[in-house]
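First up is the structure itself, then whatever we jot down about it.
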Amino acid sequence: MDNQIETALCCLDSISQTSVTISDFSDEILLNILRFIPSHDLMLNVSQVCRKLRTLCLDKSLRAHVHLQKEYTANDDAVKQLLKKLSSDIQTLNLSSCYWLAGSTVDQVTRCKALVSLDLSGCQLTSVRLSHLLTSLRSLRSLALDVGPGFDLHQLSAEGKSALARLQELKQTLLTPSYGVVPCCSALRRLHLYLEASEGCREAGGCTQLMVGQSSVPHYQNLRWFSARLAPGEVNRTLLALYLAVFSMRVPEGLTGLVLSVPGPVPPRPVAMTALMESMASTVGNTVSALQLPHTWLDGAILGLVLAHGCPSYLNVSRCSSPGFNPLHVLLSAGRDLTPLKSLNLRGCGRGPLAESCGKGEEEMDAESVKALTECCPHLICLNLSATHYHLPAGEDGHLCGALGRLAALCSLALPVCALAQSPPAPVNSQDPHTDLFSRSLLLGLKKSSRIGVPTYRPTTEVTVDQGEERQDRSLCIQPLLQGCPYLVELELIGAGFSSAMPRNEPAIRKDPAACPWSYNVGDGELAALGGIKYLRKLTLAHLPGVLKGTGLIELVQGCKDLRLLSLANLGSLKTMNYTQALLEALPYCTQLRDFRLEQPYCNTNVAFFEALSQCHQLQRLCLVSRHGTFQPAAVAAFMQSCTEVIMCHMFMGGTLVACKTLQKNLLDSFAISRPALNVVIYPLLHEDLAHVIRGMPLCHLDEITLFKSRVAEDPMKQ
């Protein structure tokens, strides 16, 4: 043993005496490191450091695929230089959500003659500009673009239309009622539609004009994938119906993916839907890879028909349960091998309405079926069980967290808050009814409302031996989940029935929904226990009334050191923000935080708040939503000056319209030149024109952070 120690010490001494520089690494190691550097920074800066790095930057693996999505520091000059330098080598170019790039910069894409895949979603693109691009890109097989007002397919050249006819994949975001470029894409195998037309288009009669030219839409004879995601609104539902009408003319053979996401009221099920599902299921050698239908379109017969020929890897049956139809029961009773299932969305799917009055029409989780699911689907990566209730004390056998702990590959999980409750809500102390009535009448309007069953939590530094044992008991329920799912990177805890104060196309909600009584028993102790998820990157906490002072947040962020996204909504009391101090102490630990969303009534974002937030030096996007909330313009400006990476600041709080617009203008005037991607929107939350303001935001920010929604298993996993 002594000899081994001496040898080890000698080795340490030799290492300390040897200077190791980056040039001593092998080319393979350096190439793997360089792949994590943004393309424009790599080619324009890193390549100038030394001769070895300049040589490595010539490697085709670094030059063939250029991704500038969310590279907010890439200005017009940098992108132009990059495209000029790599024009002959680029095969894949992703400019998705680069909304700040000028049209003249997009024109430089014509240099890249070898492009096979091009994503221009969110970029400024006219019909004429698109025609020039397509004429130059003869090898293009995959295209993503936005179609806005004024788009005219007839302005495309013959060469451009020929290029569209060769496309195999198209992702099209429709900001106005239109078929876009689809009529020219006769060889499509994959079609992704994002319908984002505003209701103003309906008044202009946009969809009526489309009906006349419906015959120009090709029959999708080669289609293997069809997906459509709709923004709320009647015009988008009508537009979807027009696209689906094509299937009534000819049902494509070999369709393996059908994903239709329709929020709000659902249009009638097309007549061709049954024939389409039969074709998908009956094709020899064909297994459906992804399925999502509006909740009134899916029933036991259709789901059973699909499962009879194999299990898809992605299945979204969000809110599809109805009397006589439980999607989870159909899935488990199909008698098929369910191991291919990787992503499952059961949001709002239960065994029926709760017997107790937690909320009108709210579903209770079918716990036994979920446990059976974890045994049949061991390879699940994404699982959404939110918008349901789970009421089972932690001490009983077979608790939900224990079952979920069997999913060792699980990376993304969404649960209702009450699923972590250790015990049922404490009953209200019985009193003599006459005495109770008399006391309430004397103190009517003066007495504070009591909070029943809310436990008190103390952070680690204040815990005694006896309290430490109690704390271990409080985290006992969560431990099987933490130990069994070591690779969990995304977690959502959302109270059943929660609705954000900021819906998309409607006025802001002025009244908060009631919380589940069981969720009052989920508080700071449970939040602290979540700090055991070491690799957690995305965390959403919404509608946790049991949080008292928020001290559990401090231990949570101390344990989860790699948090990139943090979304907090309606924690604790809704009459006052009672966890302000804990939040101020927690934020400096969030050193890797990129996105922060806070929604809380009566939130006071003063100097102390923004000073704490300024410690998050990597922060890029900030969204604050607060009914009757306040802000200090000088504090906001100082924060923006300190956090140089912030490119999105959305604040929807109290204050006058003049005060909001003044602050917005001052921030844009001060920082827009140095931050080309800067997007600032500050507006009163309860203003009647808020919905109109929302429609003017970049869709990437609106969909990813500003609007609250459950995102686990919302989309199929990227291949």
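A donor-acceptor pair under 3.5 Å links the side-chain atoms of Glu526 to the main chain of Gly523, judged by distance alone. In this structure, His67 contributes its side chain and Gln69 its backbone to no donor-acceptor pair below 3.5 Å. The closest donor-acceptor contact from the side chain of Asn326 to the backbone of Gly350 lies under 3.5 Å. For Ser642 (side chain) and Phe639 (main-chain N/O), no donor-acceptor pair under 3.5 Å exists by modelled atom type. Formation of a donor-acceptor pair under 3.5 Å by the Tyr194 side chain with backbone atoms of Ala228 is not found in this model.
For the atom pair CG of Leu260 and CH2 of Trp297, the computed distance is 6.0 Å after rounding to the nearest 0.5 Å. We find the OH-OH distance between Tyr99 and Tyr72 to be 6.5 Å, quoted to the nearest 0.5 Å. Put simply, SG on Cys485 and OH on Tyr487 are 11.0 Å apart, with the number rounded to the nearest 0.5 Å. Between atom CG of residue Leu298 and atom CG of residue Leu291 there is a gap of 6.5 Å, rounded to the nearest 0.5 Å. Atom-to-atom distance recorded for Ser343:OG and Leu383:CG is 8.5 Å, nearest 0.5 angstrom. Atoms CG and CG, from Leu527 and Leu553 in turn, are 5.5 Å apart once rounded to the nearest 0.5 Å.
At a threshold of 4.0 Å, the pair Glu714-Arg711 does not count as salt-bridged, since none of the basic side-chain nitrogens sits closer than that to a carboxylate oxygen. The pair Glu599-Arg627 does not meet the salt-bridge criterion, since no charged nitrogen lies less than 4.0 angstrom from a carboxylate oxygen.
Residues Lys70 and Glu704 meet the side-chain proximity criterion, which asks for heavy atoms closer than 4.5 Å. At least one side-chain heavy atom of Tyr579 sits under 4.5 Å from a side-chain heavy atom of Leu571. Residues Cys349 and Glu363 have side chains not in contact (no heavy-atom distance under 4.5 Å, counting atoms from C-beta outward). For the pair Thr238/Glu234, a side-chain contact is recorded, criterion being any heavy-atom separation below 4.5 Å from C-beta on. Counting only heavy atoms from C-beta outward, the side chains of Arg319 and Arg347 approach each other to under 4.5 Å. Using a 4.5 Å cut-off on side-chain heavy atoms (C-beta onward), Ile554 and Leu556 make no contact. Annotation: side chain of Val607 is in contact with side chain of Gln632 (closest heavy-atom distance under 4.5 Å). Put simply, the side chain of Met697 reaches to within 4.5 Å of the side chain of Val681, judged on heavy atoms.
Taking both residues in full, the closest heavy atoms of Ala713 and Asn316 are given as O-ND2, 3.6 Å, listed atom of the first, atom of the second, then distance. The two residues Ala419 and Cys477 have their closest heavy-atom pair at O-SG, 4.2 Å. The shortest heavy-atom contact between Pro267 and Val262 is CD-CG1, 4.0 Å. In plain terms, the two heavy atoms of Val712 and Asn384 that are nearest each other are O-ND2, 2.9 Å. Here the closest non-hydrogen pair linking Arg229 and Pro716 is NH2-CD, 4.3 Å. When all heavy atoms of Arg237 and Pro265 are compared, the pair lying nearest together is CD-O, 2.9 Å.
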**Residue pair Leu699, Leu175: steps toward the side chain to side chain contact (heavy atoms under 4.5 Å, CB included) verdict** = CA-CA 10 Å; Leu699 286 176; Leu175 306 176; 4.0 Å; yes

**Prompt:** Passes side chain to side chain contact (heavy atoms under 4.5 Å, CB included), Met717 versus Lys342? Steps please.
**Reply:** CA-CA 8 Å; Met717 298 173 60; Lys342 299 292 191 302; 4.0 Å; yes

**Message:** For Asn578 and Thr576: C-alpha separation, side-chain torsions, deciding distance, then whether side-chain hydrogen bond (donor to acceptor under 3.5 Å, both in side chains) applies.
**Reply:** CA-CA 6 Å; Asn578 53 9; Thr576 180; over 6 Å; no

**Test side-chain hydrogen bond (donor to acceptor under 3.5 Å, both in side chains) applied to Arg564 and Gln620, step by step** = CA-CA 10 Å; Arg564 306 296 177 90; Gln620 295 178 328; over 6 Å; no

**Item:** Verdict with supporting geometry, Leu624 and Phe631, side chain to side chain contact (heavy atoms under 4.5 Å, CB included)
**Value:** CA-CA 10 Å; Leu624 302 175; Phe631 62 86; over 6 Å; no

**Request:** Please step through side-chain hydrogen bond (donor to acceptor under 3.5 Å, both in side chains) for the pair Arg695 and Ser198, ending with a clear verdict.
**Result:** CA-CA 8 Å; Arg695 284 195 291 270; Ser198 65; 4.6 Å; no

**Message:** Between Leu328 and Val370, is the side chain to side chain contact (heavy atoms under 4.5 Å, CB included) condition met? List the steps.
**Reply:** CA-CA 8 Å; Leu328 188 51; Val370 171; 4.0 Å; yes

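For Ala542, the side chain to side chain contact (heavy atoms under 4.5 Å, CB included) criterion is met by Ile494, Phe498, Ala569, Phe708, not counting sequence neighbours. With sequence neighbours excluded, the residues satisfying side chain to side chain contact (heavy atoms under 4.5 Å, CB included) with Leu574 are Asp512, Asn570, Gln600, Pro601. Take Ser121 and apply the side chain to side chain contact (heavy atoms under 4.5 Å, CB included) test, not counting sequence neighbours, and it matches Ser96, Asp119, Ala144, Asp146, Lys171.
Applying the 6.0 Å contact sphere to OH of Tyr589 captures no more than 12 heavy atoms from other residues, nucleotides or ligands. Annotation for Lys709: atom NZ counts as buried by contact number, over 12 foreign heavy atoms lying within 6.0 Å.
If you look at Tyr683 and His692, their ring centroids are not closer than 6.0 Å.
Within the structure, salt bridge (Lys or Arg N to Asp or Glu O under 4.0 Å) contacts touching residues 529-540 (residues at least two apart or in different chains) are Arg537-Asp562. Here side chain to side chain donor-acceptor pair (under 3.5 Å) pairs that include residues 604-619, with residues two or more places apart or in two chains, are Asn604-Thr630.
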Compile the donor-acceptor pairs under 3.5 Å between side chains in residues 645-663 and protein atoms, sequence neighbours left out, one pair per line.
residue: His650; atom: ND1; partner: Thr706; partner atom: OG1; Å: 2.8
residue: His650; atom: NE2; partner: Asn679; partner atom: OD1; Å: 2.6
residue: Thr656; atom: OG1; partner: Ala659; partner atom: N; Å: 3.1
residue: Thr662; atom: OG1; partner: Val658; partner atom: O; Å: 2.7

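Judged purely by distance below 3.5 Å, without hydrogens or angles, the side chains of Glu196 and Thr173 never pair a donor atom with an acceptor atom.
When each of Leu174, Leu193, Leu230 is checked for a side-chain contact (heavy atoms from CB on, under 4.5 Å) with Asn236, only Leu230 meets the rule.
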